[in-house]
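Side-chain atoms are counted along with the backbone in the values below, which use heavy atoms only and exclude waters and symmetry mates. Being a predicted model, the structure only gives us computed values, none of them experimental. Reminder, nothing fancy here: chain letters follow the sequence lines and each chain counts from 1.
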Amino acid sequence: MKLFDNIKDNLDKISVDTLKERAEAIKNAIPKPSPAKNKNENKKDKKEDIPADSVKCPSCNKIIEKKALGKLKICPECGRLFRMNAKDRIKAIADKDSFKEMDINMEADNPLDFPDYSAKIKGLQEKTGLKDAVKTGICTIGGYECAIGVMDSGFMMGSMGSVVGEKLTRIFEYGTEHKIPVVIFTCSGGARMQEGIVSLMQMAKVSAAAAKHSEAGQLYVTVLTDPTTGGVTASFAMLGDIILAEPKTLVGFAGRRVIEQTIKQKLPDEFQTSEFLLEHGFVDAIVEREKLPDVLATILKLHNCKKEVED
Amino acid sequence: MPAYDNVRIARKITRPTALDYINHIFEDFVELHGDRGFRDDKAVVGGIASLNGVPVTVLGIQKGKTMEENIERNFGQPHPEGYRKALRLMYQAEKFHRPIINFINTSGAYPGLGAEERGQGEAIARNLMVMASLKVPTISIIIGEGGSGGALALAVTDRVWMLENSVYAVLSPEGFASILWKDAKRAEEAADLMKITASDLLDMGIIEKIIKEVDGGCQNDFGFTANLLKAKLEAELEILMAKDTDTLLKERYDRFRSFGIFKE
């Protein structure tokens, strides 16, 4: 703890040595996911021959058949969590056939008349089958009813523009009106640049709706998944009554490169992981992917949430 | 005039700061320090004062006017404890039924190791949520740079105004160009596309009012802009203070609820 006090005292003049020591301490404290290395390896991957039905695991470098990742997208060799799309995630979390999607046809407009934005949206819609970067609706988890939002990094890195903001605002309003909890799986690069200030305003809009839901005494649970950054971290991701995270998930406000350029210092690999946030007191618990449905159901149960009764 | 010219004026080291406005517009300013949790962030200033006899809480994101002062003020880039100081003073204002007036001038929240360790994202998020339902009138004025979430963290208010040459954006034009085109040098081009000037944002309904500046920027005639702002604040507070709390909160919610352009 002495190290930490040191930083407190010299906040504006952190010595390089102190930083290095601190970085070393963090490094020793947490097991290594080494995301920095992975990036380069990914680039190399393109040149390697990987069969179409397989992927190379960025953690253990083994070539894995896609089927072998299973429904939960976990590397069978090393346990690395691959990113899940919204559809697979909902399938893994919601009770079978319980998910009723809302605002299915909502799609982006172009508030700044930004060049190529509309074409980019259209292309991604065709490629992914998604309208935008979030799916919302109502479902049951372990029999407990809730409104749910699941972001999808496959659509412009899950960035938040008007559609994401509006759909999430609506599930909070739905939750307030129907007195049910809201569960959001976050996964986002932050605000959507192409919508400029309108994207920034979505942070305020969703947070205001979350405030009303909270004032109505309703439960809000966030599950942080890889990656959760920027304007999403600085709004609804951090506002859950209970904040869960998947292991080794990137969670942060500012980008790693921006911070490194600002403080002129390499950051440790473990910086901005869910383990780092747990250590610093910003997430309630890290939950293994396969345990999430049970943990969510237990949390809902303990808040006296409504259990759907079968007809 | 190209939008980037506004960026240049907004960033001028001679541009009047939050404390300049606070000292000019209010009487009896008592500065209050610290977040009661970690330390006093000098990039955020706050306290209590009187506007023509009405007690108010004032907050500002404070840049320096010299290199030395800028180092002390961290170039107007708050740490989480700065936003938490603001939050503490806003709760205090609510307790004592004081309106809140915020002066915003920041390129953004500080991207640093300690800032991340202490939850920069959480600090900003908390302010957005709490400000949405504070039971007192709130007004914010972008007086220079309104940079991203770091500015929004003090701008979830009943009224948002901008000085004529200030800018308000999701990211700096440099950051924007570097994310979208991997080339920060295209900042001027980005600025034109981003709609960041006071007149663009008034047209889009993001702000309610523009406060005039003399040619070249308000540093050329500070009294002109500051007096104008004072008169407008007095008039607006009278309007906001006459509203009952439910109306005030409903209108604030609807203000932010209306933002978003999409098809369905």
By a 4.5 Å heavy-atom criterion (distance strictly below it), what part of A:Gln261 contacts chain B: side chain, backbone, both, or neither? neither
Tell me, for B:Met204 versus chain A, whether the close heavy atoms (under 4.5 Å) come from the side chain, the backbone, both or neither. side chain
Looking only at side-chain N and O atoms, does A:Thr176 offer a donor or acceptor that is under 3.5 Å from a partner on A:Gln218? no
Counting only non-hydrogen atoms closer than 4.5 Å, does A:Ala108 touch chain B with its backbone (N, CA, C, O), its side chain (CB onward), both, or neither? backbone
Measuring heavy-atom distances to chain A, does B:Tyr253 have an atom under 4.5 Å in its side chain, in its backbone, in both, or in neither? side chain
Does any backbone or side-chain atom of A:Asp103 lie under 4.5 Å from a heavy atom of chain B? Answer side chain, backbone, both or neither. side chain
Going by distance alone, is a donor N or O of one side chain under 3.5 Å from an acceptor N or O of the other, for B:Thr157 and B:Thr138? no
Under 4.5 Å heavy-atom distance to chain B, tell me which part of A:Ala237 shows up: side chain, backbone, both or neither. neither
Per-residue contact mode, B:Ile206 against chain A (heavy atom under 4.5 angstrom): side chain
Looking at A:Phe172, I'd like to know if the NZ or CZ of A:Lys212 sits under 6.0 Å from its six-membered ring centre while staying within 45 degrees of the ring's axis. no
With chain A, the option among B:Ala132, B:Gly112, B:Gly108 that has the most non-hydrogen atom pairs under 4.5 Å is B:Gly112
Name the region of B:Leu249, side chain, backbone, both or neither, that has any atom closer than 4.5 Å to a heavy atom of chain A. neither
Heavy-atom proximity to chain B below 4.5 Å, by part of A:Glu173: side chain
Okay, side chain of A:Thr229, backbone of A:Ser188: is any donor-acceptor separation there less than 3.5 Å? yes
Ionic contact status for A:Asp132 with A:Arg192, cut-off 4.0 Å: yes
Going by atom types only, do A:Glu195 and A:Tyr117 share a side-chain donor-acceptor pair under 3.5 Å? yes
Run the salt-bridge test on B:Arg73 and B:Glu69 with the 4.0 Å N-O cut-off and return the result as yes or no. yes
Counting heavy-atom pairs under 4.5 Å to chain A, which of B:Val156, B:Ile179, B:Leu180 comes out on top? B:Leu180
For chain A, find which of B:Glu264, B:Lys195, B:Arg257 contributes the most heavy-atom pairs closer than 4.5 angstrom. B:Arg257
Examine whether an atom of B:Met129 lies under 4.5 Å from a heavy atom of chain A, and if so say whether it belongs to the side chain, the backbone or both; otherwise answer neither. both
By side-chain contact (heavy atoms from CB on, under 4.5 Å) - contacts of B:Gln92 (at least two apart): B:Leu32, B:Ile48, B:Arg88, B:Leu89, B:Phe96, B:Arg98
May I have the step-by-step check of side chain to side chain contact (heavy atoms under 4.5 Å, CB included) for B:Tyr110 and A:Thr262, ending in yes or no? CA-CA 9 Å; B:Tyr110 186 62; A:Thr262 306; 3.5 Å; yes
Proximal component of B:Ser148, with respect to chain A [non-hydrogen, under 4.5 Å]: both
What part of A:Glu107 is in contact with chain B, defined as an atom under 4.5 angstrom from a non-hydrogen atom: side chain, backbone, both or neither? both
Would B:Ser107 and B:Gln77 count as a side-chain hydrogen bond (donor to acceptor under 3.5 Å, both in side chains) if you check the C-alpha gap in whole Å, the side-chain angles of each, and the deciding distance to 0.1 Å? CA-CA 7 Å; B:Ser107 58; B:Gln77 295 195 304; 3.1 Å; yes
